[in-house]
2 protein chains.
Amino acid sequence: MSLRHALLGLLSERPASGYDLLKRFETSLANVWPATQSQIYTELTKLADSGLIMVAAEGPRGRKEYTLADAGMAELRHWLTETKPQRNTRSDLLLRVFFLGVLRPEQARAYLTELVELSAHEHEQLRQLDEAIDWDDDDLSVYGRIALEYGLRFNAMRREWAEWAATQIK
Amino acid sequence: MSLRHALLGLLSERPASGYDLLKRFETSLANVWPATQSQIYTELTKLADSGLIMVAAEGPRGRKEYTLADAGMAELRHWLTETKPQRNTRSDLLLRVFFLGVLRPEQARAYLTELVELSAHEHEQLRQLDEAIDWDDDDLSVYGRIALEYGLRFNAMRREWAEWAATQIK
DNA sequence: TTCTACATGTAAACTGTTACATGATTCC
DNA sequence: GGAATCATGTAACAGTTTACATGTAGAA
């Protein structure tokens, strides 16, 4: 149940409405924890009911601005320090690799070549994002930069692996 | 819905019972697509109902041995060649990184140090698995080795990243 | 005035996890 | 005879996706 912690985390930076949070998910958090509009609004209601967040203000068009309650900050800290991350790496991309033997060698190689391109493309997207952001030296910048660096290294690794893998066939 | 394709893929290698498939998930496939006993038996029933697999034989203790039907092989090939992999990387491990700013610097560094150890540990597990397996040059060996190499490279990358990240704090 | 962005909510279907429930065969 | 392993199945719950449904405020 990480969605609630993602919401608590975002609210720890500043108060926001469901709509604001949705936008933040679509941009910064989409790569590590995608969430839909429906899921976010439902979870915010639950978080407010359980007292981890509060409706601090109501604005035009029924806008509700949420703030983190003390209990919410405590829960966020607990999640960060006391719970172990799952190394649950469900990857349909890698699952396919196991079964490439049912294809002809050139088809299998084509799949791996697509992965090279996919990784190169994602790497480039992140590189552009990196350039576009005016990095500061506040918390958000430090940790945002660290997360982005992970994406860069990950895509570089995956690209090299897929290039190597393509040479292993036949 | 990759579970059904994982099952079709395993059955493309050889006929198997639900129990056999469960064991294969626990060992080889656990790293890329974990599945529970309950899920596997339920999905096998659905696959048989829709004609993608068939019950070829029944053994002791109610054992049902499934084989891949032609339609199942077609569906497997379709999945491998015609559908795009999701680059859906839900990672609670990385999600936490975004919010490490709410912790004290030494706590944040401790989290990253744990990731170094986690990656080193997983790398070592895979290295031992690599040594233990008697790699052949059949399809299964070629693609199994490719998938394992991914794991090795991934954990090496993650370890180096976490080591670097720890130096970036404060 | 009309379009776009803001803004929220619910229902149904699907996927995945945990727990319960049962029983047969083989090995020691 | 007892324990471990083989073998299957279902129920309840939690999490996720897709689709539907509605309406307001501001900008051009």
Side-chain angles (χ1 to χ4, degrees), chain A residues 1-8 10-11 15-27 29-50 53-66 79 83-92 95, chain B residues 1-8 10-11 15-27 29-50 53 55-66 79 83-84 86-92 95:
Chain A
M1 218 193 350
S2 290
L3 173 64
R4 66 187 307 126
H5 297 111
L7 292 169
L8 293 172
L10 288 175
L11 288 173
S17 68
Y19 193 82
D20 294 339
L21 293 165
L22 173 62
K23 295 297 150 189
R24 312 263 308 270
F25 267 91
E26 283 172 357
T27 53
L29 248 48
N31 297 304
V32 296
W33 204 272
T36 59
Q37 174 263 338
S38 149
Q39 230 186 327
I40 292 170
Y41 282 103
T42 307
E43 193 62 38
L44 284 171
T45 306
K46 283 190 206 158
L47 282 167
D49 287 350
S50 63
I53 63 176
M54 295 168 303
V55 178
E58 307 211 11
R61 283 167 290 201
R63 176 190 169 95
K64 294 186 208 163
E65 191 163 75
Y66 293 99
W79 174 68
T83 66
K84 293 267 172 231
Q86 308 279 102
R87 35 123 194 49
N88 179 3
T89 15
R90 244 187 206 101
S91 165
D92 70 321
L95 180 61
Chain B
M1 221 193 347
S2 291
L3 173 64
R4 67 187 306 127
H5 297 111
L7 292 169
L8 293 173
L10 289 175
L11 288 172
S17 68
Y19 193 81
D20 294 339
L21 294 166
L22 174 60
K23 295 296 150 189
R24 312 262 309 269
F25 267 90
E26 283 171 359
T27 52
L29 248 48
N31 297 304
V32 297
W33 205 272
T36 60
Q37 174 264 337
S38 148
Q39 229 186 328
I40 292 170
Y41 281 103
T42 307
E43 193 61 40
L44 283 171
T45 306
K46 282 189 206 161
L47 281 168
D49 287 349
S50 63
I53 64 175
V55 178
E58 307 212 10
R61 283 167 290 200
R63 176 189 168 95
K64 294 187 207 161
E65 191 162 76
Y66 292 98
W79 174 68
T83 65
K84 293 265 172 233
Q86 308 277 104
R87 36 129 191 45
N88 180 2
T89 15
R90 243 185 207 103
S91 165
D92 70 322
L95 180 61

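This one's a predicted model, so the numbers in the text were calculated from it and none came from an experiment. Here is the naming used below: chain letters follow the sequence lines, and residue numbers restart at 1 for every chain.
Separating the CG atom of A:Leu21 from the C1' atom of C:dT8 is a distance of 13 Å, rounded to the nearest angstrom. Across the protein-nucleic acid pair, B:Gln39 atom CD and D:dA11 atom P stand 17 Å apart, rounded to whole Å. Rounded to an integer number of Å, the gap from B:Leu22 CG to D:dC6 P is 10 Å. One interatomic measurement links the two molecules: CG of B:Leu29 to C1' of C:dG16, which rounds to 16 Å at whole-angstrom precision. The interatomic distance linking A:Leu47 (CG) with C:dT8 (P) rounds to 14 Å, in whole Å. In this structure, A:Glu43 atom CD and C:dT10 atom C1' are separated by 16 Å, rounded to whole Å. One can place OH of B:Tyr19 at 15 Å from P of D:dG9, the figure rounded to the nearest angstrom. Put simply, CE on A:Met1 is 15 Å from P on C:dT17, counting in whole angstrom units.
Remark: side-chain polar atoms of A:Ser2 are not paired, donor with acceptor, to backbone N or O of A:His5 under 3.5 angstrom. Judged by distance alone, the side chain of A:Tyr41 and the main-chain N or O of A:Tyr19 form a donor-acceptor pair under 3.5 Å. Here the side chain of A:Asp49 pairs no donor or acceptor atom with the backbone of A:Lys46 at under 3.5 angstrom.
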Step by step, would you call B:Asn31 with A:Thr89 a side-chain contact (heavy atoms from CB on, under 4.5 Å)? CA-CA 7 Å; B:Asn31 297 304; A:Thr89 15; 5.6 Å; no
Criterion side-chain contact (heavy atoms from CB on, under 4.5 Å) on B:Arg24 and B:Ile40, from CA distance to verdict: CA-CA 11 Å; B:Arg24 312 262 309 269; B:Ile40 292 170; over 6 Å; no
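In this model, the phosphate group of D:dG9 is not approached by any side-chain N or O of B:Tyr41 to a distance below 4.0 Å at OP1 or OP2.
Comparing B:Glu65 and A:Trp33 against DNA chain D, the residue whose closest nucleotide sits nearer the 5' end is B:Glu65.
Considering only heavy atoms from C-beta on, B:Leu11 stays 4.5 Å or farther from B:Leu47 through its side chain. Residues B:Leu10 and B:Tyr66 have side chains not in contact (no heavy-atom distance under 4.5 Å, counting atoms from C-beta outward).
The nucleotide whose nearest atom lies closest to any side-chain atom of A:Arg90 is, among C:dA7, C:dG16, C:dT18, C:dG16. For B:Lys64, counting side-chain heavy atoms from C-beta on, the closest listed nucleotide (C:dA7, D:dG9, C:dG9) is D:dG9.
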Heavy-atom protein contacts under 4.0 Å, nucleotides 19-28 of chain C, coded B base, S sugar-phosphate only, - none: B---BBB---
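The residue B:Thr42 sits close to a base: some heavy atom pair falls under 4.0 Å.
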